[in-house]
Amino acid sequence: MTDNPSGSDAEPNTPNDPSRNPVHRVDGGDEPRHPSELPSRTSEVKRQWRDRSRRSRTSAQRLASRPQVDARRTEAALEELAGVKAVCTYLSRSPEPDTLELARGLVAAGTRVLAPVLTDGRGHGLGHPAWAWFTPEDVRPGLWSIPEPCGPLLPADSIKQCDVILCSALWVDRRGYRVGVGGGWYDRVLEDRRTGAPVWAVVDDCEIVDEVPRQPWDLPVDAAFTQTGLHPLG
Ligand SMILES: Nc1nc2c(c(=O)[nH]1)N(C=O)[C@@H](CNc1ccc(C(=O)N[C@@H](CCC(=O)O)C(=O)O)cc1)CN2
Ligand SMILES: Nc1ncnc2c1ncn2[C@@H]1O[C@H](COP(=O)(O)OP(=O)(O)OP(=O)(O)O)[C@@H](O)[C@H]1O
């Protein structure tokens, strides 16, 4: 684990490293209360964290170790989730931490897997969060090359059927706040989860940091799931 977004196995620190610069240690206190308001300084800082993630995740070193890191995480997650009836997970695209092998393993072990659906099946974006049950043989490319299940479309609140929720994240901090790709997809769907259903952000060890910028709508996750297993947060 590391307290900065460059990480020991990522890039060296630079003066622009968001975690090193006090101006980036903001908690959203001056944030707009409505999404339609002008982009704030915190939004700009989140954008810098996203850029840094892209650079780090596509570095030669990270890409080279990706298969081993993913295999370790998948094995640990299958062990941790043994016996769970239903799990939500995003279906990964490179260079995200892999969840496709995990989803296949879960289904093989008898766990139901609910995954995000972003299109109507003809390439048009839905414009609102939706889900479908995952079966390994029935997956299509959706928006932005994100794989999605082809099964019947289910509403956003179907997340209620899941006992554990695995969400995507670029960074997650010790309080559980995450920086995601920026659509607010998880901030919206997590509101509907069953009370007490744990939410785990799937990241690599070096993506757990001390503090990321937080905005009023951000919902914290309960843990990070990495190649070294489950790390409770908050
Ligand atoms: N694999 C995967 N599935 C996921 C997510 C994710 O982060 N990863 N999501 C996490 O919330 C939700 C979908 N939200 C997303 C929002 C934006 C982009 C995205 O890549 N946007 C483009 C630019 C889009 C544009 O041109 O307008 C990009 O970032 O390059 C991806 C997913 C649910 N499914
Ligand atoms: N509950 C919500 N309902 C509607 N819009 C929301 C909600 N939560 C967040 N948003 C909007 O989504 C946008 C992106 O939010 P944010 O930057 O927190 O994304 P993210 O959490 O990093 O991304 P994601 O959840 O897609 O991985 C913001 O403009 C925000 O206004």
Side-chain angles (χ1 to χ4, degrees), residues 5 18 24 26-28 31-55 57-58 66 70 73 87-103 113-120 123-132 134 139-149 153-159 162 165-173 175-193 199-204 207 209 211-221 224-225:
H24 296 111
V26 289
D27 65 8
E31 279 305 296
R33 287 283 148 189
H34 192 274
S36 64
E37 290 181 37
L38 286 175
S40 66
R41 194 171 60 168
T42 312
S43 302
E44 167 56 21
V45 178
K46 273 192 173 177
R47 195 189 59 73
Q48 291 173 13
W49 282 81
R50 291 185 183 110
D51 286 349
R52 181 161 285 275
S53 168
R54 194 172 306 116
R55 285 199 300 276
R57 282 187 172 179
T58 57
R66 171 60 58 214
D70 283 338
R73 178 183 19 249
V87 168
C88 273
T89 181
Y90 69 98
L91 299 182
S92 57
R93 61 172 172 175
S94 177
E96 291 178 320
D98 180 73
T99 57
L100 278 160
E101 202 50 41
L102 172 62
V113 173
L114 194 67
V117 178
L118 304 182
T119 79
D120 62 1
H124 303 293
L126 290 174
H128 56 84
W131 304 96
F134 166 86
V139 175
R140 66 187 179 219
L143 282 190
W144 308 305
S145 312
I146 295 178
E148 62 186 26
L153 202 61
L154 299 169
D157 66 359
S158 306
I159 193 174
C162 291
I165 294 137
L166 305 184
C167 70
S168 65
L170 305 178
W171 306 102
V172 65
D173 74 16
R175 304 166 303 176
Y177 289 103
R178 52 184 278 284
V179 177
V181 288
W185 204 91
Y186 278 105
D187 295 317
R188 276 178 282 171
V189 299
L190 289 178
E191 285 172 1
D192 282 334
R193 74 186 185 276
V199 183
W200 302 346
V202 180
V203 290
D204 291 348
E207 293 167 337
V209 299
E211 192 175 354
V212 297
R214 177 193 163 189
Q215 292 175 297
W217 52 80
D218 288 329
L219 297 175
V221 300
F225 208 97

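Note that these values count all heavy atoms, side chains included, but never hydrogens, waters or copies made by symmetry. Counting starts at 1 for both ligands and their atoms, in listed order. Residue numbers count from 1 along this sequence.
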Could you check which of [options] puts a non-hydrogen atom nearest to [atom]?
atom                    : options                       : result
atom 13 (C) of ligand 1 : Leu170, Val189, Leu118        : Leu118
atom 24 (C) of ligand 1 : Tyr186, Trp185, Trp144        : Trp144
atom 6 (C) of ligand 2  : His128, Arg50, Arg188, Arg214 : Arg188

Taking non-hydrogen atoms only, is Arg47 closer than 4.0 angstrom to ligand 2 via side chain, backbone, both or neither?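 Neither; nothing of Arg47 gets under 4.0 Å from ligand 2.
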Record the part of Trp217 in heavy-atom contact with ligand 2 below 4.0 Å; permitted values are side chain, backbone, both and neither.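 Within the 4.0 Å criterion, Trp217 contacts ligand 2 through side-chain atoms alone.
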If we only count N/O pairs under 3.5 Å, is Gly180 in contact with ligand 2?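 Yes - when backbone and side-chain N and O of Gly180 are compared with those of ligand 2, one distance drops under 3.5 Å.
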Do any nitrogen or oxygen atoms of Ser168 lie less than 3.5 angstrom from nitrogen or oxygen atoms of ligand 2? no
What atoms of ligand 2 come closer than 4.0 angstrom to any heavy atom of [X]?
X      : result
Tyr186 : 25 (O)
Glu191 : 1 (N)
Arg178 : 21 (O), 24 (P), 25 (O), 27 (O)
Lys46  : 16 (P), 17 (O), 18 (O)
Asp218 : 18 (O)

Nearest-contact summary for [atom] - protein heavy atom, Å:
atom                    : value
atom 10 (C) of ligand 1 : Ser168 OG, 3.4 Å
atom 20 (O) of ligand 1 : Arg93 NH2, 2.7 Å
atom 8 (N) of ligand 1  : Glu96 OE2, 2.7 Å
atom 3 (N) of ligand 1  : Ile146 CG2, 3.5 Å
atom 15 (C) of ligand 1 : Val181 CG2, 3.6 Å

Strictly inside 4.0 angstrom of atom 17 (C) of ligand 1, do you find any protein heavy atom?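 Protein heavy atoms within 4.0 Å of atom 17 (C) of ligand 1 - there is at least one.
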Begin with the C-alpha distance, continue with both residues' side-chain angles, and end with the deciding distance and a verdict on side-chain contact (heavy atoms from CB on, under 4.5 Å) for Arg57 and Glu96. CA-CA 8 Å; Arg57 282 187 172 179; Glu96 291 178 320; 4.0 Å; yes
Evaluate Arg66 against Asp70 for salt bridge (charged side-chain N to carboxylate O under 4.0 Å, His left out), listing each step before the verdict. CA-CA 6 Å; Arg66 171 60 58 214; Asp70 283 338; 3.1 Å; yes
Once rounded to the nearest 0.5 Å, what's the spacing between atom [atom1] of [X] and atom [atom2] of [Y]?
X      : Y      : atom1 : atom2 : value
Glu148 : Leu153 : CD    : CG    : 9.0 Å
Leu219 : Arg214 : CG    : CZ    : 9.5 Å
Cys88  : Ile165 : SG    : CD1   : 5.5 Å

Got a salt bridge between Asp51 and Arg47, using NZ or NE/NH1/NH2 to carboxylate O under 4.0 Å?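 Yes, charged N to carboxylate O under 4.0 Å.
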If the threshold is 4.0 Å, N to carboxylate O, is there a salt bridge linking Arg41 and Glu44? no
Give a yes or no on whether the ring-centroid distance for Trp185 and Trp131 is below 6.0 angstrom.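 Yes - the distance between ring centres of Trp185 and Trp131 falls below the 6.0 Å cut-off.
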Where the side chain of [X] meets the backbone of [Y], is there a donor-acceptor pair that is under 3.5 Å apart?
X      : Y      : result
Asp204 : Glu207 : no
Arg73  : Thr99  : no
Arg175 : Glu211 : no

Is Leu91 touching ligand 1 with its side chain, its backbone, both, or neither, if touching means heavy atoms under 4.0 Å apart? backbone
At a 4.0 Å threshold, what atoms of ligand 1 neighbour a non-hydrogen atom of Pro116? 33 (C), 34 (N)
